[in-house]
Number of protein chains: 2
Amino acid sequence: MGQITIEEVAKLAGVSPATVSRALRSPEMVRDSTRKRVLKIIKEKKYVYHALAADLSRQRSANIGLIIPSTIGSIFVRTVFAILEKAQEHGYTVTIGNSKYNPEIEMSVLRTLNERHPAGLLLTGYCVRKEELLEEINRSGIPTVIMWEKPDDPQLSYVGIDNYRAAYTMTEYLIGLKHQRIGLILGPYSKVDRVHKRFEGYRDCLSDHGLPWDDLLVVEKEPTLADGMEAMNRLMSLANRPTAVFAASDVMAFGAMAAAKEKGLKVPADVSIAGFDDIDFSAYADPPLTTIRVNGIEIGEMALSCLLDMIENPSPQPRQICLKTDLVVRNSCRSLE
Amino acid sequence: MGQITIEEVAKLAGVSPATVSRALRSPEMVRDSTRKRVLKIIKEKKYVYHALAADLSRQRSANIGLIIPSTIGSIFVRTVFAILEKAQEHGYTVTIGNSKYNPEIEMSVLRTLNERHPAGLLLTGYCVRKEELLEEINRSGIPTVIMWEKPDDPQLSYVGIDNYRAAYTMTEYLIGLKHQRIGLILGPYSKVDRVHKRFEGYRDCLSDHGLPWDDLLVVEKEPTLADGMEAMNRLMSLANRPTAVFAASDVMAFGAMAAAKEKGLKVPADVSIAGFDDIDFSAYADPPLTTIRVNGIEIGEMALSCLLDMIENPSPQPRQICLKTDLVVRNSCRSLE
DNA sequence: CATAAAAATGATGACGCTTTCATTTATAAT
DNA sequence: ATTATAAATGAAAGCGTCATCATTTTTATG
C-alpha cells in the first residue's frame, strides 16, 4: 500500500529526485557511493518504480499492442506466445486485444490499444474495413506489423505467409494423386482475407488443371472441430461425394476425420483428408495428417524483431517478409491410381 | 503523428481543457451544445485520448496483469482467452507475462507488471518462492486472484480446482476397473504445486486401497506430446508393465496413446490410458479419451469477475472459489474383469 | 597551487489528463 | 425584475517521472 515516490526516496537518501531517477535509469551518471545509498533506501522502503509516469514523461512506452482475430481454433496461440516470450526478453510488455473477426470490434480494440500509446502494434491479418484501419494506424504513426498475411498495400510492413500459394500447392498435390472431386472446408473466408486467399488458391488450381467448378464442394463454417464435423457431413451426404477433402485448418480437418469415422468411412481408404497449419496433434493423429506446415512461432518472432527494429530505427520503407510454408505429406491422403 | 492534446482541442472549441475532459469522461456534466462542439473538433482533428496520462492523474488503471507459468502444453489458453474476452467487455486491457515455471522470472515479471500499476493481478498458480511473491503482492496492495489452484494460504483469493481430489477420483476409477498397476505420467510436479497435488491424489488413493507403491510407475516429464510419448515408452518397457496409465494432462495422454500405437499396443485393449483437462481433441481422439474435465473458461471468467469485484469493492476478506471437476468416462480405459 | 575541464548533482518545467474549488451562466421561484 | 438555486465552466494544482540547463564538486593539467 505504501506508494513511495521517487521524491521521498530522494529525501531519505539526501539527494534530489533527479539523482534517484538517474541512479535507476542511467547508473553510470551517478557516483558509486550515492547510487548505493539510493538503492539501499529503495530496497528498504520497497519503492516501486512507476513505469506509466516514466512513459508519459519521456514520451515513449515499453508496451506493445497485439490484436488477434479470434480465440477459437487457437491457431495463433503459438504466434502469440512466441511474441510474449521475445517481448519479455527485450523488456517489453504485451497487451492483447481480440477483434473477434468483427470490424467494429477491431476498430474499437485498436482504439483502446492506441490510447495506451504503445511503442508498436502487431496485427494478425487485417480486416474488411481496411482503409479506416489503415488510416488510424498511419495517423497514430505507431510502428505496425501485419502478421500471417501478405497485405495488398505495398506500404505495410508484414511478416506473413503466402496463403494463396500454400493452398494452391495442396490442391495441386491432391490433383496429382488423381483426385477429381476435391471438397474444401474453410473458416469465414468471405470475411477473412487470409482464408480467402486459400480459397482462391484452391479455386485457381482447379481451374488451371481443367477441373470443373462445383459450389457444393466448398463449405464455409467457423474454424472449430465441431464445425469441421458438420462441414464434412454435408460433403459426405452429397450425391456425388468428393474423394478428397482439403480443410483449410487442421482443427477443421480433425473434425472432418471424426465425422468420417462416425460415418464408418476409413481415412484415407474411403476418403482423403488434408489440413492446413500443422498443429502439434497433426503428426500424431490417426492417421497422421497431411497438411501445410506454417511456422507460427517463427512468424511471431520475426514480426516482433521486425517491430522492434522499426521502433528503434524509424524509416519510411516497410519491412516485408514472406515466410515459406511446406507441404507435409503424411498418411491421410491416398492416390486414386 | 499529429499528437493533439486535450488542450489544443479546448482551444479550438473555445472551452477550457477541463470541459473537454468532462465532455469525454462525464458527458452529463456538460451542456449538450458544448459537448457536441468539442466532439466535433475531436473528430476533425483526430484527437487520440491518452489513457496513460489519465491513469496517472486519477491514480488508477484500466489494465490488468496476467501471469501464466508456461506457454507449452497451452492448457491455459482457454483461461487466458476467456479473461481477455471478459476484460475487454468491461473496458479493461490485459497485459500478459510468462513466468516459465521459474521463480526468478516469475518475480521479475511480477515486478514489471507491478511497475505499470495495474488495477489487478491474475496469477496462474503460484510458485516455489511463495513468501517472497506474496510479500510483493501484499505490499503493492493490488487486488490479486490466484487461478487453477487452491492455495494453502487462507488469506489469498483464488478461483481454482481441487487437483488432489480430481486425481484421486481418476485413480479410484481405474482401481474400480480392477487395475492394480497404474502408471502416472506428469509434468514437473516437483516444481509445480498444482501438479504435485495431482501426484498426491494418486499416491494417497493407491495407498488407501492397499495397493503397493512403485517408484518406477511415476514418470515426470515436460508437459508436451513428445515427452508424453517418451514417458509412455519408459512405462511400457518396464518388466512388469502397468495395465493402465494416468497422464496428468491430456496432451501427455495423447503422447502416451501415440507411443502405445507405435508399439503395436491397442488402447484400451492392451493398455488403458486416462488424461486430465479434457481439451477439445479429447472427445474426438481415437479412442475418445477418458479424462477429468476442467472448465478452463469458467476459471478465467470467474477469476476475472472476482477480480473486478475486488477492484470495485475493496474488502479485506478473500474471495475463494473452488470449481468442480468431472470424471468424463469415454473409451480409453477398460475393465480388467 | 591555480586553473581548466570533466563529472556529478540540483532546480525546474514539461508530459497529458483529472479534479477540486471558485466563478460564471442559466433556470426557477417570488 | 430580483433573488435564490442549480448547472456549467474555468483556473490551477497535482499525478510520478524525465530531461534540460545551471550549478557545484571533483579530477586533471600545467
Side-chain angles (χ1 to χ4, degrees), chain A residues 1-39 41-42 45-63 112 114-119 140-142, chain B residues 1-39 41-42 45-63 112 114-119 140-142:
Chain A
M1 237 3 170
Q3 299 292 33
I4 309 294
T5 81
I6 228 178
E7 193 163 355
E8 327 204 24
V9 173
K11 209 165 288 170
L12 290 168
V15 296
S16 76
T19 303
V20 177
S21 173
R22 283 191 276 252
L24 250 27
R25 308 336 289 173
S26 14
E28 75 284 357
M29 294 185 71
V30 98
R31 201 174 323 191
D32 265 28
S33 56
T34 52
R35 187 177 59 243
K36 269 181 199 143
R37 191 149 32 97
V38 168
L39 294 180
I41 300 285
I42 284 181
K45 298 299 177 187
K46 322 273 191 197
Y47 161 76
V48 180
Y49 181 64
H50 201 312
L52 259 48
D55 281 359
L56 176 61
S57 173
R58 66 162 85 165
Q59 303 265 73
R60 68 174 239 338
S61 160
N63 182 258
T112 308
N114 263 349
E115 290 183 347
R116 302 195 76 79
H117 288 239
S140 67
I142 296 177
Chain B
M1 240 356 175
Q3 299 293 33
I4 309 293
T5 82
I6 227 177
E7 193 163 355
E8 327 203 24
V9 173
K11 209 164 288 167
L12 291 168
V15 296
S16 77
T19 302
V20 176
S21 174
R22 283 190 277 251
L24 250 27
R25 310 333 291 174
S26 12
E28 74 285 359
M29 296 187 70
V30 99
R31 199 174 325 191
D32 266 28
S33 56
T34 51
R35 188 178 56 244
K36 270 181 199 142
R37 191 150 32 98
V38 168
L39 293 181
I41 300 286
I42 284 181
K45 299 298 177 188
K46 322 274 189 196
Y47 162 76
V48 180
Y49 182 63
H50 200 312
L52 259 48
D55 282 359
L56 177 62
S57 174
R58 64 162 84 166
Q59 303 266 72
R60 65 163 236 349
S61 160
N63 182 259
T112 308
N114 264 348
E115 290 184 347
R116 301 194 78 79
H117 288 238
S140 66
I142 295 177

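Lettering of chains follows the sequences in order, A, B, ..., and the numbering in each one begins at 1.
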Integer-rounded Å distance: dA6(C) C1' and Glu28(A) CD: 15 Å
Lys11(A) NZ to dT17(D) P, straight-line distance once rounded to whole Å: 13 Å
Asp55(B) vs Arg116(A) side-chain heavy atoms within contact, under 4.5 Å: yes
Student check: side-chain heavy atoms of His117(B) and Tyr49(A) closer than 4.5 Å: no
First of Ser33(B) and Arg31(A) reached from the 5' end of DNA chain D, by closest nucleotide: Ser33(B)
For atom CG of Asp32(A) and atom P of dT25(D), their distance in whole Å: 20 Å
Close side-chain approach of Lys45(A) and Val9(A), heavy atoms under 4.5 Å: no
Pair Tyr47(A)-Leu39(A), side chain to side chain contact (heavy atoms under 4.5 Å, CB included): steps then yes or no: CA-CA 10 Å; Tyr47(A) 161 76; Leu39(A) 294 180; over 6 Å; no
Atom pair distance, as rounded to whole Å: CZ in Arg60(B) and P in dT19(C): 9 Å
Mind listing the N/O atom pairs, protein and nucleotides 11-18 of chain C, below 3.5 Å?
from, atom 1, to, atom 2, distance (Å)
dC15(C), O3', Gln59(A), OE1, 3.1
dC15(C), O2, Ser57(A), N, 3.4
dG16(C), N2, Ala53(B), O, 3.3
dC17(C), OP1, Tyr47(B), OH, 2.2
dC17(C), OP1, His50(B), N, 3.4
dC17(C), OP2, Ile6(B), N, 2.6
dC17(C), O2, Ser57(B), OG, 3.1
dT18(C), OP1, Tyr49(B), OH, 2.6
dT18(C), OP2, Ser21(B), OG, 2.4
dT18(C), O4', Ser57(B), OG, 2.6

Where Ala119(B) and Ser61(B) come nearest, the two heavy atoms and their spacing: CB-O, 3.2 Å
Side-chain touch Leu56(B)/His50(A), heavy atoms, less than 4.5 angstrom: yes
